[in-house]
**Q** 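Have a look at this one.
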Amino acid sequence: ARLEAENTRMKLVEGKNASLEAEVASLRREVNLRNGAAKVQLEAKHEALKDAKEAYGELVPTLEKLNSAEAESARLREEINRSEGRVKIKQERIV
């Protein structure tokens with residue numbers, strides 16, 4: 001009877017062990033799936049960051065050209081204003 005009880009207990013322990021091993025395997029699969037998904041998201045974000053960095057690199061020279069053009073435009077406006085002022089003075093002298 002004692003041996004039978006011990007056998008029954010061992011079978012229960014083996015059953016629990018098998019159940020726990022199956023649960024561990026299931027959790028490992030879930031972790032692997034989540035890690036895979038996280039890796040895909042990280043790679044996508046990395047690609048987006050590379051694209052943004054490249055776009056920014058292309059934007060900088062364009063902004064520099066724009067600033068230069070605006071500065072030249074301001075300089076030309078000042079020159080036009082000075083010329084208009086000189087023309088006005090000459091017209092006043094003629095009158």
Side-chain angles (χ1 to χ4, degrees):
R2 203 171 199 185
L3 192 55
E4 249 181 71
E6 187 64 28
N7 267 346
T8 304
R9 195 175 75 74
M10 285 296 290
K11 286 181 181 177
L12 286 173
V13 168
E14 287 173 358
K16 282 185 181 180
N17 189 37
S19 175
L20 288 173
E21 285 176 355
E23 188 175 345
V24 165
S26 174
L27 290 171
R28 282 193 177 136
R29 282 191 297 276
E30 185 178 341
V31 165
N32 288 338
L33 287 173
R34 289 184 186 199
N35 280 345
K39 186 176 180 182
V40 168
Q41 285 179 337
L42 186 60
E43 288 171 356
K45 287 178 182 179
H46 180 68
E47 284 300 314
L49 184 59
K50 278 179 24 183
D51 291 346
K53 187 177 179 181
E54 184 178 326
Y56 180 75
E58 293 171 3
L59 178 63
V60 169
T62 304
L63 288 173
E64 289 171 349
K65 288 179 187 175
L66 175 61
N67 287 338
S68 177
E70 286 177 339
E72 179 67 11
S73 176
R75 187 187 67 73
L76 290 172
R77 273 194 304 276
E78 287 178 23
E79 194 174 307
I80 289 169
N81 288 341
R82 282 195 302 273
S83 295
E84 287 175 349
R86 286 193 293 270
V87 167
K88 198 173 191 179
I89 291 171
K90 287 180 182 178
Q91 286 175 342
E92 288 172 357
R93 286 184 188 158
I94 294 172
V95 172

**Q** Could you grab the distance from atom NZ of Lys88 to atom OG of Ser83, nearest 0.5 Å is fine?
**A** 14.0 Å
**Q** Roughly how far, to the nearest 0.5 Å, is the NE2 atom of His46 from the CG atom of Asp51?
**A** 10.0 Å
**Q** Show, in sequence, the C-alpha distance, side-chain angles and deciding distance for Arg34 and Glu30, and conclude whether the salt bridge (Lys or Arg N to Asp or Glu O under 4.0 Å) test is met.
**A** CA-CA 6 Å; Arg34 289 184 186 199; Glu30 185 178 341; 2.7 Å; yes
**Q** What's the spacing between Leu42 CG and Leu49 CG if we round to 0.5 Å?
**A** 10.5 Å
**Q** State the CG-OG distance between Leu66 and Ser73, to the nearest 0.5 angstrom.
**A** 10.5 Å
**Q** So Arg86 and Arg82, do their side chains get closer than 4.5 Å, heavy atoms only?
**A** yes
**Q** Do other residues, nucleotides or ligands put more than 12 heavy atoms under 6.0 Å from the CD atom of Glu23?
**A** no
**Q** At what distance, to the nearest 0.5 angstrom, does OG1 of Thr8 lie from CE of Met10?
**A** 11.5 Å
**Q** Between the side chains of Glu78 and Arg75, is the shortest nitrogen-to-carboxylate-oxygen separation below 4.0 Å, so that they form an ion pair?
**A** no
**Q** I'd like to know if Glu14 and Lys11 make a salt bridge, using a cut-off of under 4.0 Å between side-chain N and carboxylate O.
**A** no
**Q** If you round to the nearest 0.5 Å, how far is NZ of Lys39 from CG of Asn32?
**A** 11.5 Å
**Q** Does Glu4 CD have over 12 foreign heavy atoms under 6.0 Å away?
**A** no
